[in-house]
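Take a look at the structure set out below.
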Amino acid sequence: MGQLPADEDDDPPFDLPEAPGGASAMGQSASRPSISERAIAQAPAPYLQGLNPEQRRAVETTDGPVLVLAGAGVGKTRVLTTRIAHILASRKAFPSQVLAVTFTNKAAREMKERIGALIGGAVEGMPWLGTFHAIGVKILRRHAELVDLKNGFTILDVDDQLRLIKQVIEAEGLDKDRWPARQLAAMIDNWKNKGLTPDKVSTGDSQVFAGIGARLYAAYQQRLKELNAVDFGDLLLETLRLFREHTDVLADYQRRFRYILVDEYQDTNVVQYQWLRLIAQAPGGQPNLCCVGDDDQSIYGWRGAEVDNILRFEKDFPGAIVIRLERNYRSTGHILGAAAGLIANNTGRLGKTLFTDDELGKKVSVLGVWDDEEEARAIGEEIERLAKNGHRLNEIAILVRASFQMRVFEDRFITLGLPYRVIGGPRFYERQEIKDAIAYLEITHNPSNDLKFERIVNVPKRGLGDATIKQIHDLARAGGIPMFEAARQLAESDELKPKARRALGDLIAAFLRWRGQAEGVKHTELAELILDESGYTAMWQADKSPQAQSRLENLKELIRFMHQFETLGGFLEHVALVMDVEQGNDGDRVSLMTLHAAKGLEFETVFLPGWEEGLFPHQRSLDESGLAGLEEERRLAYVGLTRGKRRVQVSFAQNRRTRGLYQSASPSRFVDELPEAHLDVLESRSPFGGVYATMGSDPRYGRANPYGKSRFDDAPSPFTTSYTTPGWQRAQEQWKAARPARPPPQTIEGTLVASSDHVSEFVEGDRVRHQKFGLGTVSMVDGNKLTIDFDNGDRKRVIESFLARA
DNA sequence: CTGGTAGTTCGGTCA
DNA sequence: GAACTACCAG
């Protein structure tokens, strides 16, 4: 005892009775229940009702290591929350003695709510329910000084991290073009996910940064310490170091956490695994550790997740009880059958067989379309049809592999007037204006945050360019002081030109003034004041670009959001950790999100567009991880299918617009892996006459190509070769090597697309009609790109193939 | 130092 | 197609 500062009211010492949060009489110690409490415990607890035998077993087997293998839709969250409720209600532990780890903030939030509902809202004190990262910060904040950090350390976001890495690369005297910062960032992330500190990194690990990766990593860590900052990876890695180097601290946490629960165990990476293993070493005997997961839903390998962790559980914890939940309550027979058939193509599974008592229902439909726009059109129409028949939009989702696919749908839905919400798309806090605003607030709150300072010294433009910033930077490094302080000194000296000096002086004075006001003024008002006086809002008001208005809206939204917090500090801490914002709960809307974001959710109707080779499975996944990558993509497909309750539609396009170019695509191998018995193959009703079989002659994909045989029919495609053979790898390398060369012009309906030596059939002055923008006059011709003055006054650059003579 | 244009490169999932 | 960078004129 005694290692843990008793600085938080939500965290009473273990040996004292905890003040009950609600009406329940928790006045007794956990080890000696009173007679009345025992009587309550014997009564059939209402929360246990309605559980099936396996679920009930998973809830009631509270002691010792337990692995719950929970397939899709088997009531996993329910088991987890009921289990916690059970532990609390039967007085086995206080809320503050239960550690419950989730992967997303969404999951954590949902769990809190559901536990509250189960045991009557008395869960204010579940301080240790959260994501790995959130719990990591919490622990780190208490012991910052033990890992060379100061108390108020800051958490870098992706932007800050990248900026810092760039600086490190430059400081090492390396050419930033030859040594891409992004790559180094990715590499450092990987190391951190594997639990490797700079001294443990073998230089052979890095190819691009051969030999110097470890050195740069060390330099980066050094800079982080100087800035009193951590990145996301450190939240886990540094906690791990803390535990390793200070066993007394570790022992305190081991004693504290009487019950440990881990959600989505298949997604834990190496650091998280090591972290858990340390905490879960119960003093004498086996830990009360319950891990819940599904090896078939492991989709975060790219983040360092190790499916092995779940496969190894029984070895790690001898005598562990394994409980399988296989009764699916979500989907119909056909959907389950299709998903099962697909995932059966994976090897090395723990093997679960989901079953349902539900009807077979509707078969999974498979639709092939001409291009991505038609795909969006077809899905939009189908949604409108469903909506007309009374289907709630909230129960419809479109799940895409990559976020760029969302755009077509958004465009389509806007023209249709179909309400939709984007979940986890370009995140609120990742928007430029939000980051800028937060940077202002952060510096007011904590002036020593150099990266944020750099972000906004010259936003809006104040005439403080690279030269001035470098001066500040140098002074700060030389004196070992924050840039803010250096800037202040510089503004008082004669080092700067008068103009820069005035601008800098004004800015510093403004920040000092705002900090002074922080005491008296409410934090939301202060925020408005800062954005106003800094000229930041004015900057966007003066901006006449179309996005400026929505940026201002976002700033207002930010202020509105701040009201939920008591203080500026509390708000900033939240922002650093929680990258999503609770939004769009209002109204009946179609959901649009990535497959990753969809895990754990369910919908009556699910659309799965873009099942094309190269996109899904994603080429990069295949390139980087080969067979393992393919299997992960397949699990992602499995996750997608199993989100649907009653209706699932898979679709693929023959052509997809990427990089402004049409590229022909072939149907994903996953389409063919779906068992025919559960499928209903649709024919597109497109003006192009439906799907035609460019790839092979599978009659399921409709009639022959009405435009005749495409030259691509015979072209050897790297995508269709078997990916396991050595030949595949060679082919791939050739293909990659060939890529920098100009690709052959691609033929689509006989039109050359985006080739610069193209001779246009139009000349200046021609009257033309554009498919979207209407009538206009050609004002400039550049290959197949033409500049048109449209009759409505707009001047646009368009691709020739969208034009016809007027 | 700013603001424009021209040229280049890039697009995958998360906390 | 967008977002970033490089370069140049004011």
Side-chain angles (χ1 to χ4, degrees), chain A residues 101-108 130-137 155-158 161-162 176-177 180-182 186 189 192-193 230-236 264 267-269 271-272 298-305 399-408 411 423-427 429-430 432 458 460-469 496-497 499-500 503 547 574-580 593-599 610 614-625 629 632-633 635-636 639-640 656-663 739-740 754 756 782 785 796-799:
Chain A
V101 203
T102 64
F103 269 77
T104 61
N105 293 296
K106 197 167 62 185
T131 63
F132 271 106
H133 293 85
I135 290 167
V137 198
I155 303 164
L156 301 194
D157 61 28
V158 188
Q161 192 189 6
L162 212 56
K176 63 180 164 46
D177 293 325
R182 300 194 73 89
D189 260 3
K192 291 191 172 177
N193 285 336
V230 294
D231 63 16
F232 269 112
D234 283 339
L235 295 180
L236 301 171
E264 310 281 12
D267 286 333
T268 46
N269 60 31
V271 212
Q272 289 162 341
S298 161
I299 54 175
Y300 285 108
W302 52 274
R303 214 169 83 186
L399 311 181
V400 296
R401 171 67 248 260
S403 42
F404 76 83
Q405 291 171 262
M406 293 183 185
R407 244 191 89 146
V408 205
D411 284 353
I423 296 175
R427 267 182 275 297
Y429 292 119
E430 275 168 31
Q432 185 193 342
N458 202 28
K461 302 259 188 271
R462 307 190 165 84
L464 301 167
D466 294 348
T468 317
I469 289 166
L496 295 172
K497 294 200 199 95
K499 222 172 107 188
Q547 304 112 326
H574 172 89
V575 166
L577 270 178
V578 181
M579 297 304 287
D580 62 352
M593 69 190 96
T594 64
L595 285 160
H596 283 90
K599 190 155 82 160
L615 175 59
F616 192 31
H618 199 280
Q619 191 57 41
R620 258 167 96 161
S621 186
L622 262 36
D623 286 350
E624 279 162 24
S625 320
E632 177 153 318
E633 296 283 305
R635 289 193 292 268
L636 201 48
V639 167
R656 186 163 293 274
R657 245 184 116 96
T658 40
R659 314 178 197 195
L661 284 178
Y662 273 110
Q663 308 229 288
R739 250 204 309 204
S756 57
D782 169 24
K785 297 188 193 97
K796 284 197 168 73
R797 240 162 100 88
V798 301
I799 305 273

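Naming convention: chains lettered A, B, ... in sequence-line order (proteins, then strands); numbering from 1 in each chain. Only a predicted model underlies this, so the values are computations on that prediction, with no experimental measurement involved. All values below come from the heavy atoms of this structure, side chains included, with hydrogens, waters and symmetry mates left out.
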Grab the [atom1]-[atom2] distance between [X] and [N] for me, whole Å please.
X: A:Glu264; N: B:dT13; atom1: CD; atom2: P; answer: 19 Å
X: A:Gln619; N: B:dT13; atom1: CD; atom2: P; answer: 16 Å
X: A:Asp231; N: B:dC14; atom1: CG; atom2: P; answer: 18 Å
X: A:Asn193; N: B:dT13; atom1: CG; atom2: P; answer: 16 Å
X: A:Asp189; N: B:dA15; atom1: CG; atom2: P; answer: 14 Å
X: A:Met406; N: B:dT13; atom1: CE; atom2: P; answer: 8 Å
X: A:Phe103; N: B:dA15; atom1: CZ; atom2: P; answer: 11 Å
X: A:Ile299; N: B:dA15; atom1: CD1; atom2: P; answer: 11 Å

| field | Pairwise P distance for C:dC4 and B:dT13, with rounding to whole Å | value | 16 Å
| field | Separation of the C1' atoms in B:dG12 and C:dT5, to the nearest angstrom | value | 24 Å
| Which nucleotide sits closest to the side chain of A:Asn105: B:dA15, B:dG12, B:dC14? | B:dA15
| query | Picking from B:dT13, B:dG12, B:dC14, which would you name as closest to the side chain of A:Ala597? | reply | B:dC14
| said: Can you list everything that forms a side-chain hydrogen bond (donor to acceptor under 3.5 Å, both in side chains) with A:Thr104? Sequence neighbours excluded, please. | reply: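 Listed in chain order: nothing, the list is empty.
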| said: Once side-chain hydrogen bond (donor to acceptor under 3.5 Å, both in side chains) is applied, do any residues pair with A:Thr468, and if so which ones, sequence neighbours excluded? | reply: none
| message | If the condition is side chain to side chain contact (heavy atoms under 4.5 Å, CB included), which residues does A:Val230 pass it with, not counting sequence neighbours? | response |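 Checked A:Val230 against side chain to side chain contact (heavy atoms under 4.5 Å, CB included); matches are A:Leu149, A:Phe153, A:Ile155, A:Asp234, A:Leu235.
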What nucleic acid atoms does [X] come within less than 4.0 Å of, heavy atoms only: base, sugar-phosphate, or nothing?
X: A:Gln432; result: nothing
X: A:Arg407; result: sugar-phosphate
X: A:Phe132; result: nothing
X: A:Ser621; result: base

| request: Could you tell me whether the phosphate oxygens of B:dA15, OP1 or OP2, come under 4.0 Å of any side-chain nitrogen or oxygen in A:Arg303? | output: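 Checking A:Arg303 against B:dA15: no side-chain N or O falls below 4.0 Å of OP1 or OP2.
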| task | Please check the phosphate of B:dC14 (OP1 and OP2 only) for any side-chain N or O of A:Thr131 closer than 4.0 Å. | result |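 The answer is no; no side-chain N or O of A:Thr131 sits under 4.0 Å from OP1 or OP2.
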| Do A:Glu633 and A:Ile299 come close enough that some side-chain heavy atom pair is under 4.5 Å? | no
| task | Evaluate the side-chain proximity of A:Phe132 to A:Leu236: yes if any heavy-atom separation is below 4.5 Å, no if none is. | result | yes
| query | Under the 5.5 Å and 30° test, is A:Trp302 stacked on the base of B:dT13? | reply | yes
| task | Applying salt bridge (Lys or Arg N to Asp or Glu O under 4.0 Å), name anything that partners A:Arg620, two or more places apart in sequence or on another chain. | result | A:Glu624
| field | salt bridge (Lys or Arg N to Asp or Glu O under 4.0 Å) partners for A:Arg656, two or more places apart | value |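 For A:Arg656, the residues satisfying salt bridge (Lys or Arg N to Asp or Glu O under 4.0 Å) (neighbours in sequence not counted) are A:Glu375, A:Glu612.
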Using nucleotides 7-10 of chain C, report all nitrogen or oxygen pairs with the protein that are shorter than 3.5 Å.
none

| query | Are A:Lys192 and A:Asp231 within salt-bridge range, i.e. N to O under 4.0 Å? | reply | yes
| said: According to ring pair (Phe, Tyr, Trp, His ring centres under 6.0 Å), who are the partners of A:Phe616, at least two apart in sequence or on a separate chain? | reply: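 Testing A:Phe616 for ring pair (Phe, Tyr, Trp, His ring centres under 6.0 Å), a comparison that skips the adjacent residues, returns A:Trp611, A:Phe670.
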| task | Could I get the full list of ring pair (Phe, Tyr, Trp, His ring centres under 6.0 Å) partners for A:His596, not counting sequence neighbours? | result | A:Tyr300, A:Trp302
Polar atoms only, N or O, under 3.5 Å: list the protein pairs with nucleotides 1-5 of chain B and their distances.
unit_1 : atom_1 : unit_2   : atom_2 : d
B:dC1  : OP1    : A:Thr468 : OG1    : 3.3
B:dT2  : OP1    : A:Asn458 : ND2    : 3.3
B:dT2  : OP1    : A:Gly463 : N      : 3.2

| DNA chain B: A:Arg620 or A:Thr104, which has the more 5' nearest nucleotide? |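 Looking at DNA chain B, the more 5' nearest nucleotide goes with A:Arg620.
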| task | Can you check whether any acceptor in the base of B:dT13 is under 3.5 Å from a donor in the side chain of A:Arg401, or vice versa? | result | yes
